[in-house]
Amino acid sequence: MSTEKSTKPVLQVKNLSVSFHTEDRSVQAVDNVSFEVNPGEVLGLVGESGSGKTVTGMSILRLVPSPPGRYDGGQILFDGMDILKLRPEELRTIRGSRISAIFQEPMTALSPLKTIGDQLKELLDLHRPEMNEKAKVAMVIEWLTKVGIPDAETRMHAFPFQYSGGMRQRVTIAMALMLEPELVIADEPTTALDVTLQAQVFELMMEMKSDKTSIIFITHDMGVVWELCNRVLVMKKAQLVEEGETESLFSAPRDAYTQKLLHAVPRLDDVPARSLPDFEAPILSARNLQTWFPVKKGIFARTVDHIKALDGVSFDLHPGETLGVVGESGSGKSTLGRTLIGLEKSTGGSFTYEGQSLQNLKHRDWRMVRRDMGMIFQDPYSSLNSRMKILTLLTEAPIVHGLLNKPDPDFAATCLEEVGLDADMMHRYPHEFSGGQRQRICIARILALKPKLIICDEAVSALDVTIQAQVLDLLLELRERHNLAYLFISHDLSVVKRICDNVLVMQQGKVVEQGSPTQVIDSPQHAYTQSLIQAVPSPGDLQRRRC
């Protein structure tokens, strides 16, 4: 790119306004927002869930669904063109090739009917038709390898459901970057990634930036903003409330809302919520637990190997205790949660709940266990039935278990208010909420059954820092009030230190280190744990700045 062109903004957004209209209400999602993106710049767009940051980003590719969405005014100028006025065929030449997007929900961004390799190659078929088949396959393997997919030549033939949440997100990142677009809109692109892979993706993005690819980084993670972004835009209730250079905004935020966001950021040097108490007998125990998945080949589908997702895991979880499980994507931590609640079948070892063996438990018996033992899943969108209103979603399980006779608006209102949502939201559908709001609804749905044990699989990873702090405080309060036990699966070590009493560090299906947060995080003994901690973004650390 020439020096002359580099002085001209890649993108100009002028007085953009977007609203959503339904039969009974209208919502202003973006209100008169203006900003520019310069060549080679990483622009951070931050704000609480529902602030309008994702709608702003998706408007740039004109991906806001209409209806119910409507562009009320403004311009989005890219290379002399107003994107809001382009014809559909003109938009297709820009989307994916010149402007690409990394979406927040990897499972819904990928087709479940096509292999990972075919989906990446489809992008090349559309925008690089001059390439031969061999070159396309080689490029797919190259980019899957770049974003950290192991054994990419084999794994490209797998389907999305055969990948972990973090691995699916890596694939969407590869799709967005492989054609080296001029602008990438990254909507929470590292939410589902562990810290070491997050650092690897950051390096890849910085390489792209040096080649004059600009990035709009939409996130609630202020540590990521500090590490990556040149400038920051702060949004609140559809409006832009503050903008500035990253270092000046972090050191001297002017707006009270920005100060609130920065104050809510969890840090590795935070003091744990409490000292380690004396616990009662374990509520959940595992001994040498194994969950292996067969690898089949040939026309007779013979088992030739096994993927050892869990390989000899042992622990005790007590009433009132929060046990953190950390590790890279694919380390087995989500498989552990799914095995403990009966969604995956264990292949060895044993595990018990309140002294009852859960090994080979029959389906009807699992139903009674799951009243006391709930799970908050990693992907909030696929966890919620898109055809049900929130009122139905919140009261469905209590009705099944005999706690309610029919959908009760007062009961649903209490559930929503506990997780920081307005009661009138119960009459809306899941697609009308942001990713963070959907995750809060998932948490409210589990809390509705008043369980004894909750498995939290990245339960706060999709939440902005202020709501994350509120939900963590809520979980701590409920733990004290009801003596709840949590198995807290997370890649965010700062959050783990804040809420957990003990920590398991997992690598390739095994527990490599365990102990209190102070022992594991402040004084890690295993090299793998040390590498996880070194990769954590740290706001204020000038040595960690990549931009």
Hey, are the side chains of [X] and [Y] touching, using non-hydrogen atoms and a 4.5 Å cut-off?
X      : Y      : answer
Leu289 : Leu336 : yes
Asp457 : Met375 : yes
Leu110 : Arg168 : yes
Val46  : Leu233 : no
Thr219 : Val225 : yes
Leu384 : Cys442 : yes
Val295 : Ile307 : yes
Val140 : Leu124 : yes

How long is the span from the [atom1] atom in [X] to the [atom2] atom in [Y], to the nearest 0.5 Å?
X      : Y      : atom1 : atom2 : value
Ile102 : Ile218 : CD1   : CD1   : 10.5 Å
Leu323 : Asn502 : CG    : CG    : 6.5 Å
Ile83  : Leu63  : CD1   : CG    : 10.0 Å
Ile173 : Phe103 : CD1   : CZ    : 13.0 Å
Met222 : Glu227 : CE    : CD    : 13.5 Å
Thr54  : Leu45  : OG1   : CG    : 8.0 Å

Can you tell whether the side chains of Glu133 and Lys121 come within less than 4.0 Å, N to carboxylate O? yes
Looking at residues at least two apart in the chain, or sitting in another chain, which of them share a salt bridge (charged side-chain N to carboxylate O under 4.0 Å, His left out) with [X]?
X      : answer
Arg338 : Glu344
Lys114 : Glu122
Glu142 : Lys146
Lys136 : Asp125

Tell me if a side-chain donor or acceptor on [X] pairs with a main-chain N or O of [Y] at a distance below 3.5 Å.
X      : Y      : result
Arg155 : Pro150 : no
Ser346 : Gln290 : no
Lys333 : His491 : no
Glu513 : His526 : yes
Gln525 : Ser523 : yes
Tyr528 : Gly327 : no
Asp82  : Ile76  : yes
Ser59  : Arg62  : no

Closest heavy-atom pair and its distance - [X], [Y]:
X      : Y      : result
Gly57  : Ile185 : O-CD1, 3.4 Å
Ala176 : Ala101 : CB-O, 3.7 Å
Pro253 : Thr258 : CB-CG2, 3.7 Å
Glu328 : Ser331 : O-OG, 2.8 Å
Ser214 : Pro39  : OG-CA, 3.3 Å
Pro112 : Phe159 : O-CD2, 3.7 Å

In chain order, what residues pass the side chain to side chain contact (heavy atoms under 4.5 Å, CB included) check against [X], with sequence neighbours excluded?
X      : answer
Ala138 : none
Leu126 : none
Val33  : Val30, Phe35, Met235

Among all residues two or more places apart in sequence or in another chain, which pass the side chain to side chain donor-acceptor pair (under 3.5 Å) test with [X]?
X      : answer
Ser248 : none
Ser97  : none
Ser314 : none
Lys308 : none

Crowding at CD, Gln530 (>12 non-hydrogen neighbours, <6.0 Å):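 Check passes, neighbour count above 12.
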Just checking, Arg98 and Phe78: is the charged tip under 6.0 Å from the six-membered ring centre and within 45° of the axis?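 Checked: cation-pi criterion not met.
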Name all residues meeting the ring-ring contact (aromatic ring centres under 6.0 Å, His included) criterion together with His306; count only those two or more places apart in sequence or in a different chain, and write none if there are none.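 For His306 the ring-ring contact (aromatic ring centres under 6.0 Å, His included) partners, ignoring immediate neighbours, are Trp292.
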Per the side chain to side chain donor-acceptor pair (under 3.5 Å) rule, which among Glu245, Glu36, Glu41 passes with Arg231?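 Testing each of Glu245, Glu36, Glu41 against Arg231, the sole residue satisfying side chain to side chain donor-acceptor pair (under 3.5 Å) is Glu41.
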Looking only at the side chains, is there a donor atom on one of Thr291 and Thr339 sitting less than 3.5 Å from an acceptor on the other? yes
Does the side chain of Thr303 pick up a donor-acceptor pair with the side chain of Lys296 at under 3.5 Å? yes
Parallel, tilted or perpendicular, as decided by the 30° and 60° cut-offs, for the rings of Tyr429 and His431: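 Ring orientation of His431 relative to Tyr429: parallel.
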Can His157 and Ile116 be said to form a side-chain contact (heavy atoms from CB on, under 4.5 Å), step by step? CA-CA 6 Å; His157 300 295; Ile116 295 299; over 6 Å; no
For Arg440 and Phe433: C-alpha separation, side-chain torsions, deciding distance, then whether side-chain contact (heavy atoms from CB on, under 4.5 Å) applies. CA-CA 10 Å; Arg440 281 183 264 170; Phe433 295 90; over 6 Å; no
Worked check of salt bridge (charged side-chain N to carboxylate O under 4.0 Å, His left out) between Asp305 and Lys297: CA-CA 9 Å; Asp305 200 356; Lys297 287 187 177 180; over 6 Å; no
When you look at Leu144 and Glu153, which way does the side-chain contact (heavy atoms from CB on, under 4.5 Å) test go after all the steps? CA-CA 9 Å; Leu144 288 176; Glu153 191 168 356; over 6 Å; no
Please assess Phe315 against Val325 for the test side-chain contact (heavy atoms from CB on, under 4.5 Å), listing each intermediate value before the final yes or no. CA-CA 11 Å; Phe315 66 88; Val325 183; over 6 Å; no
